[in-house]
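Reading through the structure tokens given below for one structure.
The model shown is predicted, which means the values in this text are computed figures rather than measured ones.
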Amino acid sequence: MIIFDKKLYVSLTRQKTSHTFTKIAFKPLHTNLFNIVLISFFLTIGCGNLYSQEIKTKKTARPAVKQPDKVVKPEITATDTIKLDTVRPKKTFLDGKVRYVAKDYAKIDQKKKTITLYNEAELYYKDVELKSGIIVLDYEKDEVYAGRIRDSAGVLTQYPNFKQGASEVQPDSIRFNFKTKKALIYNSRTEQGEFKIKAAITKKENDSVYFLKGARFTTSKDIDNPEYYFQTNKVKFIPGKKVITGLTNMVIADVPTPIALPFAYFPMSQEKSVSGIIIPSYNDSNTRGFSLQNMGYYFALSDNYDLTVLGDYYTNGSYAMRFESAYATRYKYRGNINVRFENLINSERGYPDYSKQNIYNIQWSHSKDTKSNPNSTFSASVNMGSSKYFKQSINQANVGSNLNNTLSSSISYNKTFNTIPQARISLTATHSQNTQTEQINMTLPTLQASIDRVYPFVGKDGVKKGFIKNINLQYNLSGKNNIVTTDSLFFKPQMFRDAQIGMQHSIPLSTNFKIFKYFSAGASTNYQETWVTKTIDRTYDLDQSRVVDRTVNGFDAFRTYNFSTNLGTTIYGTFNFGDNKRIQSIRHVMRPSITYAYTPSFEKYYNNYAVDASGRITNSYTRFENGVYGAPSKENSNIVGFSLSNTFEAKVRDSDSTKTEPKKIMLLNNLNFNTSYNFNADGKQILAWQPVLVSGGTQFFDNKMNVNFGATLDPYAIDNSGTRINTYNIDNGGSLFRLTSANVTMNYSFSNKGGKEENKQSERNGGRKDDLFGTNTDLNDPRNSQFANDKNDDDENVITEFFNSKIPWDMTMAYSLTYSNINRESKITGNSIMISANMDITPKWKGGVSTGYDFVQKGVTFTQFRFERDLLSWRMAFNWSPLGTNSNWNFFIGIKSGVLSDIKWNKRSAINR
């Protein structure tokens, strides 16, 4: 009989990669020498197999010996009749599976109740994952210890990585209690969103609260050697929510700065965006005094939309407000809205240069995902407001937007009905605003409806061939509410009283057919009926002694029709030079066409009115003048038009000898000639021939250079006053045609770093897509880079050689030449060149310039210099426009991270306007 008087831990299995360790309790009965010897024998056999990676515990009310698999054990028969002990054993803590692995060894010490894992050690227990160079598990104290180990060179490696749930820590060493969930961590490193946190000592109170001592916070990529950080001694850290600190000091390049706070609060929400205060920046101006700019609040309203409210205030009373919102719903739509208002006061009240005015700007961009509903679309592109906004705004600095003379907007909705025939309808609201004259043209809205073409003479086979079968008709409906107003009357009652409302119905009937196999002919006629709600009644007012127009409200209509026909063909010609020549052949394609259009006179819609008090002198007018769709013509129109388009293409032997096929090169994309002859010309006021318009264009250097040209050739001579006369220029001692105007434009963009991103915000403001007039600088938020494609990727900033022969750069050039000879002045009226260049001077320095020269005015055009320094976690930028009425400079340095975007210094001069 064998009697056990204490608890034993016996190995159950032995495997190379996975083992099970079970705790077995034997009831104490009595002790004798034979029992001790037998116990020693079992310990010798069992403990030799203690190389385990998985621990299981089993709780039983009356624990009994369970025979493990694959363990040889002598048969034991209990014959003692002593009553079993009813005292329950101590409840074990490890009530789950523990998995572990180690590269070198896993050592179990039963006396100390520890398991030691060495080299690339890993331990997994419930939601705890621990990786380290060395791990010690104390299963009696329910604690685990982890630390680094030294490699062959004596360098400490394999830092612990402790992960529990969503929290992850990378310290030098760690001590963790499975039961209390508390931990003591030394030199911990963790990431929370954009923040990286390192602390000398960290105490984990529970799953959601940490206390840190000697901590530093930074957004730098290198937590051990950051370019800046916030140093504090006492920290309460709640992962995913917030950090509350005591006295906090900002350290730059390991040098403490005077910037300190008695306490600090850092939000660390796991959400994509968090609401919060936007800290203003300080500035001063000679004309408006001291100011706080860009102060406001960001509202993270939902995952689909947000709102930013910003404001400026100047001590002379000027202020500005901005509301910016972006919204998006996946697979449906996306867009953004910007509303800006500025109350500008110059100088002080009582001074001669004192002025006060209000300006505003509204921008809205909306696009719909076509996948959401392919039968309907809705889009918006709005840019409207005060005509002088971009010239006088204190928060926009872009010469391209400033020099633009037109602001335009469009909001449209289109719907397609899958009927037979198919029907379409669209509603469009448009806006066009001249910033020089301050005149505004709007349509609120325009209605367009149409029904697809119907071929009434097509048979059941559906073949459309010949004059008869190709006859088709269509129905179109157009309605307009047209408004012409000015800035001062915008959205006032008079603006709507002056609106012109009308509707037009049209039924075009057309056909096309072949003549002599090679000629394409077409004929069409169009019937139109126009409805209006306002007409005029023109009379002579004896009291005022002038002609007066009286507006007549009410429905009225007029009907017109016209006829046209066309004939055209395509001619191909090839000039072969031989397969052994560099240029093997040149292909010329000509497309001549002739068009005839006839519109009869609609004199019946015209009435006479008196010009003077006698009534003997009269003139004619139509009551439909100034209508939204114009007025019917009094004179018939009988015009024939001529056009000729040309393209030239060459086949060139490829310089690559391995290629057998020649390479095609486009010499001229188009070369067009257009003119017309009026059969109703009287030779005095109306001349028969119209000037010949010549236009063309081509591309060079792999389509990187675009060249476009145009000219106007007049066959008639002019008199001494510059008026065209009914005499051909060749009969007046000149050439066949008189060159009255010509222009050439060239654009060339090239780069050694791929495509260049367009200046989208500048285009949205009404400026240029490129940066020939400088980059668009939004003074509200200068954190974004001035340079396109600035991704700040690590691999782009690595210097692999002492000298890098490939320096990234890009350049854009535009040249314009205009010639005028309308009144025999024969002079160059425009001759200018503009250049924009950007270059990575070093991996961290970027520079750019936009400038130009006007050869007619003999002066430098708009010039801007821009520089930027990548300071890793920080960015420094400076741009300077030294010349002209838009001269200004702007300097910015700040942290790139959006979390700490308020830590910045921004200084700029007032824009000299």
Side-chain angles (χ1 to χ4, degrees), residues 156-157 159-162 167-172 185-202 210 212-235 237-261 264-270 272-274 276 279 781-787 790-799 840 842-846 868-877 892-906:
L156 290 170
T157 60
Y159 284 72
N161 186 297
F162 178 82
S167 300
E168 185 174 358
V169 181
Q170 295 176 338
D172 289 351
I185 307 168
Y186 298 91
N187 288 332
S188 64
R189 301 166 185 82
T190 184
E191 294 186 16
Q192 292 290 321
E194 297 182 67
F195 264 120
K196 294 178 176 63
I197 306 171
K198 181 178 180 180
I201 301 175
T202 302
Y210 291 77
L212 286 68
K213 184 178 181 180
R216 60 173 62 172
F217 301 83
T218 184
T219 58
S220 173
K221 294 182 179 179
D222 188 355
I223 183 63
D224 293 314
N225 188 26
E227 54 270 18
Y228 87 99
Y229 57 88
F230 294 92
Q231 181 70 46
T232 183
N233 195 43
K234 294 182 178 180
V235 180
F237 172 39
I238 301 177
K241 293 185 178 180
K242 58 188 175 181
V243 174
I244 304 172
T245 74
L247 180 64
T248 303
N249 179 235
M250 187 175 186
V251 179
I252 300 177
D254 292 329
V255 177
T257 66
I259 303 174
L261 293 172
Y265 172 85
F266 299 97
M268 289 189 176
S269 174
Q270 296 296 329
K272 294 181 180 179
S273 57
V274 182
I279 305 300
D781 185 8
R783 288 182 296 116
N784 297 323
S785 174
Q786 303 177 94
F787 298 87
D790 183 27
K791 299 178 182 178
N792 295 319
D793 293 336
D794 292 340
D795 55 353
E796 294 180 356
N797 297 326
V798 176
I799 302 176
D840 293 1
T842 70
K844 301 297 182 182
W845 270 106
K846 296 178 184 291
E868 187 171 298
R869 170 67 177 175
D870 182 5
L871 300 171
L872 300 179
S873 301
W874 296 62
R875 188 179 67 83
M876 181 178 67
F892 167 83
I893 185 170
I895 297 177
K896 296 178 184 177
S897 170
V899 178
L900 299 176
S901 60
D902 295 322
I903 301 177
K904 62 187 177 184
W905 189 69
N906 188 22

Donor-acceptor pair, distance only, cut-off 3.5 Å: does the side chain of [X] make one with the backbone of [Y]?
X	Y	value
D840	T842	no
E227	S873	yes
Y228	T219	yes
K896	L872	yes

Quick one: CD1 on I895 to OG on S220, what's the gap to the nearest 0.5 Å?
->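 One finds 10.5 Å between CD1 of I895 and OG of S220.
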
State the OG-NZ distance between S897 and K196, to the nearest 0.5 angstrom.
->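 NZ of K196 is found 9.0 Å from OG of S897.
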
Residues I903, F230; criterion side-chain contact (heavy atoms from CB on, under 4.5 Å); working and verdict | CA-CA 12 Å; I903 301 177; F230 294 92; 3.3 Å; yes

With a 4.5 Å limit on heavy-atom distance, are the side chains of [X] and [Y] in contact?
X	Y	value
F162	T190	no
E168	E191	no
R875	F892	yes
Y210	I197	no
N233	L247	no

Tell me the closest heavy-atom pair linking [X] and [Y], and the distance in Å.
X	Y	result
L156	Y159	O-CE1, 4.0 Å
T257	M250	OG1-O, 2.6 Å
Q231	V251	CB-CG2, 4.1 Å

Could I get the full list of salt bridge (charged side-chain N to carboxylate O under 4.0 Å, His left out) partners for D172, not counting sequence neighbours?
->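 Salt bridge (charged side-chain N to carboxylate O under 4.0 Å, His left out) check on D172 returns R148, R189.
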
Sequence neighbours excluded, which residues qualify as salt bridge (charged side-chain N to carboxylate O under 4.0 Å, His left out) partners of R216?
->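 Applying salt bridge (charged side-chain N to carboxylate O under 4.0 Å, His left out) to R216 gives none.
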
Classify the ring geometry between F217 and F195 as parallel (under 30°), tilted (30 to 60°) or perpendicular (over 60°).
->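 Rings of F217 and F195: perpendicular, as their planes differ by over 60°.
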
Going through the checks in order, is the side-chain contact (heavy atoms from CB on, under 4.5 Å) test met by F237 and T245?
-> CA-CA 8 Å; F237 172 39; T245 74; over 6 Å; no

Apply the side-chain contact (heavy atoms from CB on, under 4.5 Å) test between V235 and each candidate in L212, I244, T248; give the one that qualifies.
->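 By the side-chain contact (heavy atoms from CB on, under 4.5 Å) criterion, V235 pairs with just one of L212, I244, T248: L212.
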
Run the numbers on I201 and Y186 for side-chain contact (heavy atoms from CB on, under 4.5 Å), then give the verdict.
-> CA-CA 5 Å; I201 301 175; Y186 298 91; 4.1 Å; yes

Step by step, would you call W845 with M876 a side-chain contact (heavy atoms from CB on, under 4.5 Å)?
-> CA-CA 10 Å; W845 270 106; M876 181 178 67; 3.8 Å; yes

